Amino acid sequence: MKVLTVVGARPNFVKVAPLVKQMEKMGIDFDLVHTGQHYDRELSKDFFDQLEIPDPNIYLGVGSGTHGVQTGKTMMKMEEVLMADSYDIVLVVGDVNSTLAASIAAVKLQIPVGHIEAGYRSFDMQMPEEVNRVLVDRVSQLLFAPTENSVLNLLNEGIDKERTFLVGNIMVETLLKNIHRMERPEVLDDIGDYMVLTLHRAENTDDRNRLLSILKGAGNSDVPVIFPVHPRTKEKLRSHGINGELEKNKNIIYTKPLTYLEFQYLLAHSKCALTDSGGVQEEAMVHKVPCLTLRKNTERMITMQYGANKLVGTDTCLISTEIGRILRGEYKAWPIPPFWDKRVSKRILSCIVDHQELLFVPTSDLITQ
Ligand code: UDP
C-alpha cells in the first residue's frame, strides 16, 4: 500500500507530525507533499524541524493568492503528482485550501481520499474553511472524525456510517507527545500573569473596525496580552493603518509568530486564550486554560459543550467582561474528550489497513464534468 499525505499550512504540519511517524513505525510506504501554501520559515520550516517531520518528497511551491488561484494552482500540480505514481489513498488534514485542492484532484482521478478532522462544522458557509470542510468530506472515502458530534454531523449529511470513524483529535496527539519539550519564549522575560491572543481569520483581519474592537477589548484587561502576530495579520495591521494604535496600548505585547514548542509554553501558562484559531481553541482546552473565541460561531463545538470555551465575537465590552470573569476565576474545570490521546494516528492507520476493501471511489459518488 502506498499513501500520499498532503500538507500546506501551519496547522497541517502540527497534525501530520504523528501520522508520518506512525507510518514509518508501521512500515507503510508514503510520500509527503508540501503545497507551499504557507512558505515563511516561521510558519513552515520551523515546524518541520521542531516536530521532526521528514522533508517533503514533493514541494509544489504554490504560494499565496486568492482562493481560486491558490486552489486552482494546487489542483493542477497535485494532478501531475498523482499521475506520476500509483497511490492507494490520499490523506488530507484540516480545512485549508490545500486540503480541498488535493482532495478534488485525487477523487477526479478515482483515488480514494481519507480526511483527518472530518465532520467539524461551523454551519457558516461565509467562512472559507467551512466550504473546504463540507466539500472535502463530501468527496472523501474514509472520514476520520475527532469527536462524537462531528460523526453526527457527517451522518446527518448522509455519509455512510461504515466509512466514518471516531478516532480522536490528532492535534492533541502532537501536543501530548511534545508537552515535556515546551520551551519558554523570551517574550515572557519580566512578565507575571498574562493572556495570549492569536488572530488570523479573514473575517477579523480584513475588517478594520473588528480588528480595532478586538484589540481594545483585549487591551483593557488587568494583565498584559501577548500577541504573536501572524504574517497575514501583520500585513493587515499595516494596511489598515492601526499599527500605531497598537503601539499606544502598552498592555498588548506583540511578537513574531512563535515556534510550536514556544507557543505551547505560552498557552499552557496563560490565564486565558483569546483567539479566532481553530486549533488554539482545542489546545487551550487540553492545557486547561479557558478560551474566548473571537468569532460568532465555532466548528469546535466540543470546547463549548465542555465549558472550556465561550464565543465572544468582536465586541469590545463583551470581550472585556468575559476576560474579567476568567481572571476572577469564574469558570469550572472540564474533562478531556474521549480519544483525545496519544493513539489517534495509530487508530487512523489501523482503520486504513483493516478496511482496504473501502479504498475505491464508488461509482455513485463519481464527480463527472
Ligand atoms: N501556533 C504556533 N505559534 C504561534 C501561533 C500558533 O505554533 O505563534 C500553532 C498552534 O499551537 C496550533 C497551530 O499553530 O498548533 C494553529 O494554527 P492556526 O491558528 O494558524 O490555524 P487554525 O488552527 O486556525 O486552522
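This structure is a prediction, so every number in the text was calculated from the model and none was measured. Remember, it's 1-based here, ligands and their atoms both numbered in the order they're listed.
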Undergrad: Between F47 and H38, is the gap from one ring center to the other below 6.0 Å?
TA: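 Not close enough - the centres of the two rings lie 6.0 Å or further apart.
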Undergrad: Do the rings of Y331 and W334 sit parallel, tilted or perpendicular, given the 30° and 60° boundaries?
TA: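 Because their plane-to-plane angle lies in the 30° to 60° range, the rings of Y331 and W334 count as tilted.
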Undergrad: Pick from M75, Q70, Q37: which one makes a side chain to side chain contact (heavy atoms under 4.5 Å, CB included) with V62?
TA: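 The side chain to side chain contact (heavy atoms under 4.5 Å, CB included) with V62 is passed solely by Q70 among M75, Q70, Q37.
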Undergrad: Distance under 4.0 Å, heavy atoms only, partner ligand 1: which residues pass?
TA: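 Contacting ligand 1 under 4.0 Å are R10, P11, V14, F47, M171, H200, R201, P228, P257, L258, T259, Y260, F263, Q264, S277, G278, G279, E283.
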Undergrad: Using the six-membered ring wherever Trp is involved, compare the ring planes of F13 and H34 and label them parallel, tilted or perpendicular (cut-offs 30° and 60°).
TA: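 Tilted: the ring planes of F13 and H34 meet at 30° to 60°.
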Undergrad: Under 4.5 Å between any side-chain heavy atoms of D341 and R347, yes or no?
TA: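 Yes, their side chains come closer than 4.5 Å.
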Undergrad: What's the shortest heavy-atom distance between A218 and N251, and which atoms?
TA: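 Minimum heavy-atom separation between A218 and N251: O-ND2, 4.4 Å.
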